[in-house]
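Data block below; observations after.
Every chain is numbered from 1, with letters handed out A, B, ... down the list of sequences.
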Protein chains: 2
Amino acid sequence: MSDATTRPPEAAKRGRPRLDELTATDVEGIPALETIIGYRLRRAQLYVFQDFIESFTRMKLRPAEFSVLSVMARRPGLKQTEIAEELGIKRANFVALMDSLERRGLAERRKADTDKRSHSLHLTPEGVRFVRKMMAVWTAHEERLVEKLGGPKERDRLIELLDRVVARD
Amino acid sequence: MSDATTRPPEAAKRGRPRLDELTATDVEGIPALETIIGYRLRRAQLYVFQDFIESFTRMKLRPAEFSVLSVMARRPGLKQTEIAEELGIKRANFVALMDSLERRGLAERRKADTDKRSHSLHLTPEGVRFVRKMMAVWTAHEERLVEKLGGPKERDRLIELLDRVVARD
DNA sequence: ATTCGATTGTTATGATACAGAACAATTAAA
DNA sequence: TTTAATTGTTCTGTATCATAACAATCGAAT
């Protein structure tokens with residue numbers, strides 16, 4: 001299966017590449033992009049996000065906002081730096097994100113009594129209702145993915161492998 | 001393992017959230033981000049790209065450039081639109097990318113004899129040498145990942161699962 | 001109690017990635 | 001020969017992301 005010296009089917013159809021060009025660029029050890037972990041990860045992530053984004057265009061919700069609302073729902077009272085750091089968002093960029101959620105009446109910053117510098121973040125009652133709807137939409141999206149993967153078992157296998165990739169040891 | 005009603009360890013340490021807040025935002029059916037496919041995919045992809053980018057800072061090569069050079073090495077003679085489409089890059093954005101590679105003397109646009117509109121893309125001899133070094137660096141990067149995954153078998157399993165995600169059927 | 005360093009939220013700024021519209025040159029189709 | 005489609009290109013706008021700086025506040029060391 002040495003394909004570096006084989007004319008790819010598309011190019012063959014079009015009569016390209018010419019033989020002299022082929023030898024000039026016939027570099028050994030060039031793997032197909034399809035076998036490269038990072039490339040495949042990126043393409044898969046792009047695909048999933050595209051489906052996610054389309055699912056949430058009606059709710060006008062972006063992935064980052066989804067994750068922030070999700071964290072606030074499960075663990076209210078965290079401060080901005082904590083949520084930002086956990087989600088890998090620079091705290092500088094978190095400000096506008098939180099501003100937007102607050103302007104929409106979904107979340108609020110409360111003055112922390114113990115530390116006057118920090119804010120503790122919470123969903124508003126409207127935010128709680130919003131998150132409920134949000135999770136219904138998300139469930140459909142997620143089930144679509146699990147379906148494609150072949151079932152919950154495969155989903156777990158995938159997440160376990162992704163775990164290993166990102167594990168720091 | 002119902003953790004929606006359990007005080008997360010960090011917040012517990014800091015005495016937050018207070019109980020009344022907890023009940024106010026205790027929304028059922030809020031999955032932890034760690035179980036969400038898209039979220040995990042994004043984090044893993046970010047991690048891999050970070051390692052990739054660090055590996056290639058010395059060569060001043062970005063992921064997109066890597067992929068373009070890789071395609072040109074394996075399949076010389078393709079035209080811009082073909083490579084761009086295959087890699088999911090808008091042909092408008094491909095122009096600057098190719099300009100840069102050409103300015104660095106790594107690749108070139110040749111006037112296609114059959115179609116005066118299109119260019120056929122090729123590595124220069126210097127580009128061929130560059131790609132050789134590039135692949136050496138990439139191999140180290142990739143082996144690091146395979147190591148973390150637990151071996152080539154696991155790498156294959158991962159790619160097969162990513163395949164299913166992005167498969168259109 | 002005072003000084004000093006660290007933290008928190010914030011603003012401003014720049015770089016990069018990505019998408020869409022429009023256009024000239026060229027080709028293919030009617 | 002007119003018409004429609006393609007190719008490369010430029011321009012433009014919009015997210016995304018990182019970095020630096022700053023005031024307010026806190027914690028710790030003296």
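- For the OP1/OP2 pair of D:dT25 and a distance below 4.0 Å, the side-chain nitrogens and oxygens of A:Ser118 include no atom meeting the criterion.
- Protein atom CE of B:Met98 is 11 Å distant from nucleotide atom P of D:dG8, rounded to whole Å.
- Contact between the side-chain N/O atoms of B:Gln80 and the OP1/OP2 oxygens of D:dT9 is found at a separation under 4.0 Å.
- In terms of modelled atom types and a separation under 3.5 Å, the side chain of B:Arg164 and the main chain of A:Gly150 share no donor-acceptor contact.
- Closest heavy-atom contact between B:Met135 and A:Pro31: SD-CD, 3.6 Å.
- Here the P atom of nucleotide C:dT7 and the CD atom of A:Glu85 are 11 Å apart, to the nearest Å.
- Rounding to whole angstrom units, CG of residue B:Leu97 and P of D:dT9 are separated by 12 Å.
- Checking the phosphate oxygens (OP1, OP2) of C:dG9, a side-chain nitrogen or oxygen of A:Thr81 falls inside 4.0 Å.
- In plain terms, the two heavy atoms of A:Leu121 and A:Met72 that are nearest each other are CB-SD, 3.8 Å.
- Straight-line distance from the CZ atom of B:Arg43 to the P atom of D:dC17: 11 Å, rounded to whole Å.
- Here salt bridge (charged side-chain N to carboxylate O under 4.0 Å, His left out) pairs that include residues 135-149 of chain B, with residues two or more places apart or in two chains, are B:Asp51-B:Arg144.
- Remark: C1' of D:dT16 and CD of B:Gln45 are 13 Å apart, rounded to the nearest angstrom.
- Between the P atom of D:dT7 and the CD1 atom of B:Ile83 lies a distance of 13 Å, rounded to the nearest Å.
- With hydrogens and angles ignored, the 3.5 Å screen pairs a side-chain donor or acceptor of A:Thr124 with a backbone N or O of A:Leu106.
- Remark: the backbone N or O of B:Ile83 is not paired with any side-chain donor or acceptor of B:Glu86 at under 3.5 angstrom.
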Worksheet item: What one-letter contact string describes nucleotides 17-27 of chain C from 5' to 3', where B marks a base within less than 4.0 Å of any protein heavy atom, S marks contact via sugar-phosphate atoms alone, and - marks no contact?
Response: SBBBB---BBS
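- Counting to the nearest Å, the P atom of D:dG8 and the NZ atom of B:Lys79 are 6 Å from each other.
- Between A:His119 atom NE2 and D:dT25 atom P there is a gap of 11 Å when expressed in whole angstrom units.
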Could you list the donor-acceptor pairs under 3.5 angstrom formed between side-chain atoms of residues 56-71 of chain B and any protein atom two or more places apart in sequence or on another chain?
{"residue": "B:Thr57", "atom": "OG1", "partner": "B:Glu54", "partner atom": "O", "Å": "2.8"}
{"residue": "B:Glu65", "atom": "OE1", "partner": "B:Arg62", "partner atom": "N", "Å": "2.8"}
{"residue": "B:Ser67", "atom": "OG", "partner": "B:Ala64", "partner atom": "O", "Å": "2.6"}

